[in-house]
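Below: one structure, written as structure tokens.
For this chain, numbers begin at 1 and follow the sequence in order. As a basis for the values below, the full set of heavy atoms in this structure was taken, side chains included, without hydrogen atoms, waters or symmetry mates.
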Amino acid sequence: MMTPALSVTAAGGPFVPTTLTRRDLRGDDVHIEIAFTGICHSDLHQVHGEWGDGIFPMVPGHEISGVVSAVGESVSAYRVGDRVGVGVMVNSCGSCEHCLAGRQQFCVEGVVETYNSRDYDGTVTYGGYSRSIVVRESFVHGLPDEIDLEGAAPLLCAGITVYSPLRRWGPVVGKNVAVVGIGGLGHLAVRMAAAMGAEVTAVSRGVGKRADSQRLGATDFLSAESPSDLGGSRNRFDLVLNTVSASLAMDDYLALLRPGGVLVNVGAPGAPISCQPFSLIAGNRAIAGSMIGGTAETREMLRFCAENDISAEVEIVGAKEIESSYRRLRDGEVRYRFVMDATTIGG
Ligand code: NAP
Ligand code: ZN
């Protein structure tokens with residue numbers, strides 16, 4: 001099946017219209033007409049070659065929402081017309097200890113990502129900046145009726161990426177949680193942590209996002225135009241969740257932690273983050289990382305969002321605005337996630 005898409009032919013872009021061939025349906029495949037695709041900062045890192053060599057031409061997009069338009073003969077969980085989503089993963093071995101535990105992102109054979117990845121048969125994967133996609137049933141997620149398609153798309157990457165560490169390092173109820181960087185991931189982290197019962201503080205450059213942060217559920221706001229501005233909040237937080245897309249010196253952020261606290265880094269710049277040994281030693285502080293979340297946890301997150309009236313705050317853009325959207329994302333001007341209307345691709 002042919003489908004219009006947007007691709008970049010070499011690192012740095014620009015995007016050009018293209019046509020993809022999606023595979024004929026296998027038994028367990030679901031064909032999805034894409035409604036919206038979130039523009040994640042990871043797309044920008046990969047399009048710009050910041051994570052090393054990418055596979056070009058590249059069709060990014062791993063925050064996909066849409067409607068099922070056909071199913072393979074053995075598909076049992078979905079029917080034509082169902083509202084569904086696809087996130088960062090589209091295949092894994094299915095039999096290693098991590099896949100069996102529902103944490104396919106750690107598959108020992110190597111998880112197959114939605115784009116910029118090679119499937120086990122050698123084919124390159126192309127993502128959601130397109131009108132349709134074909135994905136194995138086990139990597140498709142049903143979307144709760146309560147969540148609209150544009151607000152749901154970013155949950156499939158940004159949402160699960162912040163939900164998973166809030167659960168792993170929780171329960172956060174009654175705890176002091178700081179969210180650093182109020183962008184696509186950060187604004188969902190504020191909403192989710194607040195819904196889990198945490199006392200949430202938003203940490204942002206400048207004061208421009210103060211009112212929004214409070215509306216999203218934060219009870220306090222720290223402006224960190226320079227990290228040294230954080231000095232008044234040392235030893236205060238049980239958990240600091242860093243979602244910043246740029247490389248930071250972590251010492252001033254580690255100093256925010258109470259003794260025994262954890263800074264979980266989910267931001268993924270292509271350059272090192274750093275800290276002094278004593279920033280960890282003093283107070284038995286820890287730095288951890290977290291990578292998206294498995295299929296089981298993604299479905300749990302979607303139910304949690306439906307029950308707590310959580311979805312992404314989005315600005316809908318058309319395919320023709322892709323370059324300006326990337327510029328605004330790079331410059332931190334998005335509140336809080338661009339989602340592309342997939343019907344404008346190839347139009
Ligand atoms: P985003 O919407 O651009 O948000 C990033 C936020 O970081 C910005 O809104 C800004 O917040 C802050 N920031 C940006 N540059 C900064 C700088 N130089 N100094 C201090 N703060 C800065 O990006 P996103 O889509 O949320 O993604 C965030 C990061 O997470 C990216 O690196 C992405 O690749 C990564 N990611 C990781 C995973 C994973 O599995 N671990 C999954 C998805 C994404 P303020 O305006 O509030 O300062
Ligand atoms: Zn993403």
Between Glu297 and Ser164: side-chain donor-acceptor atoms closer than 3.5 Å
yes

Taking NZ, NE, NH1 and NH2 as the nitrogens, is one of them in Asp229 or Arg205 under 4.0 Å from a carboxylate oxygen of the other?
no

Regarding His31 and Ser69, is there a side-chain donor-to-acceptor distance under 3.5 Å anywhere?
yes

Side-chain donor-acceptor pair under 3.5 Å between His98 and Arg103, yes or no?
no

Find out whether the Lys NZ or Arg CZ of Arg83 is both under 6.0 angstrom from the six-membered ring centre of Tyr78 and within 45° of the ring's axis.
no

Do NZ/NE/NH1/NH2 and the carboxylate oxygens of Asp121 and Arg26 come within less than 4.0 Å?
yes

For Arg327 and Ser324, test the side chains for any donor-to-acceptor distance below 3.5 angstrom and give the result as yes or no.
no

To the nearest 0.5 Å, tell me how far Asp29 CG sits from Arg23 CZ.
4.0 Å

Without hydrogens or angle criteria, can the side chains of Ser245 and Arg330 be said to hold a donor-acceptor pair below 3.5 Å?
no

How many angstroms lie between atom CG of Leu188 and atom CE of Met301, to the nearest 0.5 angstrom?
9.0 Å

State, without any angle test, whether Tyr336 and Glu315 hold a side-chain donor-acceptor pair at a distance under 3.5 Å.
no

Less than 3.5 Å apart, any donor N or O on the side chain of Asp238 or Asn176 sitting next to an acceptor on the other?
no

Give me the one residue out of Glu313, Glu63, Glu150 that meets salt bridge (charged side-chain N to carboxylate O under 4.0 Å, His left out) with Arg337.
Glu63

Side chain to side chain donor-acceptor pair (under 3.5 Å) test vs Tyr129 passes for just one of Asp43, Thr18, Thr37, namely Asp43

Do Asp212 and Arg215 sit within salt-bridge range, that is, some charged N less than 4.0 Å from a carboxylate O?
yes

Does Tyr326 have its ring centroid less than 6.0 Å away from the ring centroid of Phe15?
yes

